[in-house]
Structure formats: C-alpha cells, structure tokens
2 protein chains.
Amino acid sequence: MFSKTCKYGIRAVLFLAVNTDKNKKIGVIEIAERLEVPRHFLGKVLQVLKKEGLISSIKGPGGGFYLSKENRKANIEDIVECLDGPSLLNACVLGLPNCSDENPCPLHFQAYACRHGLQYQLRHQSIDELARKIRREEIRI
Amino acid sequence: MFSKTCKYGIRAVLFLAVNTDKNKKIGVIEIAERLEVPRHFLGKVLQVLKKEGLISSIKGPGGGFYLSKENRKANIEDIVECLDGPSLLNACVLGLPNCSDENPCPLHFQAYACRHGLQYQLRHQSIDELARKIRREEIRI
DNA sequence: CGATAAAAAGATTTTTTTGTCCTTTATTAA
DNA sequence: TTAATAAAGGACAAAAAAATCTTTTTATCG
C-alpha cells in the first residue's frame, strides 16, 4: 500500500509530534533508533518532508528536527501525498490509464468506495489528535 | 496497492473468463497484445496462476490458456493471494510487526475498516459475475 | 576565530521488481 | 516419426526502491 518512505515518514512525523517542539529538537540518529528504522534512509525522508514544509529543522549544535505549531496543522494525507504522490489514493487499482466512473475497470467501484473511505480518514486525521492518542498510550508508533 | 504481477494476473484471468473455455484456448502472445502488457512477463504470471490451479493450460499446437468450470469458482481474492500473498490485505499499513487490535498503530482502525471492506468485495466478487459485466460492456479489462 | 555538531546534498551500493531471452518439454498433425 | 506449435523453465538485464556512505553547508559555543 504505502512505500517504506511513506511508512517511515508518517511514523517520524508522529514521533516528532509527541516528542518535540520549537524548544526541544531531536536528531535523525535518535529518531531512527527509536523507530527502529534505517537512519540514512530516514534522513532522506526527513529532508523531503522539510522541503515540503511538513516538518522543521535547524542545523548545527543543539539543532535537529521538530514540529512547529504550523506543521501541526497538517494531516496524514498531506504526508502521504508528499511522499507517495497524489496518485496513490486516486489511480486505478488495476493500472488502467483511462479508468473512470464512465469507463470503469472491474474493481473500480469496489476499490473506490474503500479507498475514498481511507482517504477521508487520512484527511481528517490531524497530527495533533494522533499525538494525543499516542501520549495516552492508546496507540503505538 | 497491487503489484504489476497482480494487476496483470487479475486482468488476464478475466480476459480468459470472457474469451475462453475448454474448447477455445488462447496463447500468451495474443493475451498480452489484447491487454497491452509485456508478453514474457505475463507468461511468468500465467505460469504461477496455472501452478496454483487458478487457470488451465495445454501445451502444443491448438493449446493455450483457458478457464475451466472449476477455475471459474475462484474469486478475485484468490488471485491476489496467489500473486501478492495473503499479507497484502492483512499486514499493518505502517509495517509494524506486532500491530493488532490490542496494540494498534496510528492508522490501524482507519485502515482496517477500509481494507476489510475491500477484502470482502474481492472475496465475494466471483470471476463469472465480472465476466458477465465485461460481456455486457459495463466494465472494461 | 576554530572546533564541533547537526542537517543537506550528492554519489554509490544493494535489493526487489519488472521485463527479456533462450532452451526444454509436451502435444498435435501431417 | 518428424515438423511445428505452445507452454514451462531457467538465466539474464533493466529499472525502481531501499539503504549506505561521503562530503558540504549551516549553526553554536568556547
């Protein structure tokens, strides 16, 4: 479903949501260790998220990655679109180039119901709300 | 979502459902042309489906691939499981090894609903029914 | 300023997926 | 029984994704 890039990205953003703010930053090495994820690869992913404005970072001593107030307004769909592209949730499941409601593939309506449901969930899932659930230990990263 | 192997496989099975039976077989070359899919690669996919008993084939002149009565009892989920493995629809969307209802990842319940919906659809979507819709031109392969 | 710490950037390697090619085996028909 | 046809099987190649390594840039602090 999601690429590893995207999986790592979502988890990292949520980790940052729970553990950082403007005054408390964390470096890639620690994030990678905590999430048990390849550190250099994660570095690349964080670079992309930063460039897209979904996370924040400061170089140099005392620097690291963190989520700003602004960053927290994003939702999970933003992360997915940033890392896997918008097509992931919209393209034809069977890869047909001109699949549409008028010209549906065999799984068009079945898949679209489910995927639009998921897309709705991701869009309305704010990072802050998931962070609260993680703090309350209702879910785990 | 699905691998190309799986996309090609699903389309090929439906193509066979519409265009073949015990007395009318079709070769890989023609199937690949009709579906606009790489022919050698499709050959491999069909081999796997045949081994798993999801399609039938006969070597030699007049031979080719076809769907038997028995084959038509399968559903789309069987094809997906055969080609992409059972984990595709069941594994954690974020790739966490021990994600479960008791120990959910941040997207566990959101993803669960949607994916089980899809799985249900695939399981109850008989090949014959889709073939009928293709014949009626309600959908396209 | 110089040393150090951390992200950013670039280059390279490994692994997986996708795609191709060639040989072998089975079947049919002349 | 031989030629032709088609799938099966094995080996190989290309492309994409995942992972690693190295260098450069930016910031901080003594």
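- For A:K59, counting side-chain heavy atoms from C-beta on, the closest listed nucleotide (D:dA8, C:dT20, D:dT25) is D:dT25.
- Counting only heavy atoms from C-beta on, A:H40 has its side chain closest to D:dT22 among C:dA7, D:dT28, D:dT22.
- Across all strands, A:K51 comes closer than 4.0 Å only to sugar-phosphate atoms, never to a base (heavy-atom distances).
- Remark: C1' of D:dA17 and CG of A:L88 are 15 Å apart, rounded to the nearest angstrom.
- At the heavy-atom level, B:I55 lies nowhere under 4.0 Å from the strands shown.
- Checking the phosphate oxygens (OP1, OP2) of C:dA8, a side-chain nitrogen or oxygen of A:S57 falls inside 4.0 Å.
- Rounded to whole Å, the distance from CD on B:E52 to C1' on D:dA8 is 16 Å.
- No contact: A:L42 has no heavy atom under 4.0 Å from any strand.
- Listed pair B:Y8 / C:dT18 fails the phosphate criterion, with no side-chain N or O lying under 4.0 Å from OP1 or OP2.
- Side chains of B:I139 and A:H108 form no contact here, defined as non-hydrogen atoms less than 4.5 Å apart.
- One atom, NZ of A:K25, and another, P of D:dT26, lie 18 Å apart when rounded to the nearest Å.
- Not a single donor-acceptor pair, N or O on each side, falls under 3.5 Å between the base of D:dA7 and the side chain of B:Q47.
- OP1 or OP2 of C:dA8 sits under 4.0 Å from a side-chain N or O of A:K50.
- Nearest nucleotide to the side chain of A:K44, out of C:dA7, D:dC21, D:dA18: D:dC21.
- B:L49 and B:I29 end up in different hydrophobic clusters when Ile, Leu, Val, Met, Phe, Trp and Tyr side chains are linked at under 4.5 Å.
- If you check every strand for non-hydrogen atoms under 4.0 Å, A:I58 touches sugar and phosphate atoms only.
- For the pair A:E138 and A:K133, the salt-bridge criterion is not met [side-chain N within less than 4.0 Å of a carboxylate O].
- If you check D:dT20, C:dG19, D:dA8 against the side chain of A:P38, the one that comes closest is D:dT20.
- Contact check for B:T20 versus B:F65: no side-chain heavy atoms found under the 4.5 Å cut-off.
- Whole-Å rounding puts the B:K4 NZ to D:dA15 P distance at 13 Å.
- Residue B:V28 has its side chain nearest to D:dA7 when only D:dA7, D:dA19, D:dA8 are considered.
- Inter-residue side-chain proximity for B:Y66 and B:K22 is flagged as met; some heavy-atom pair is nearer than 4.5 Å.
- A heavy-atom distance below 4.5 Å is not found between the side chains of A:V13 and A:L54.
- Distance A:R39 CZ to D:dT22 P: 12 Å, rounded to the nearest Å.
- The residue among A:G60 and B:T5 whose nearest nucleotide of DNA chain C is located toward the 5' end is A:G60.
- Straight-line distance from the CG atom of B:L83 to the P atom of C:dT17: 13 Å, rounded to whole Å.
- For B:F65, taking side-chain heavy atoms from C-beta onward, the closest of the listed nucleotides C:dA7, C:dT18, D:dA7 is D:dA7.
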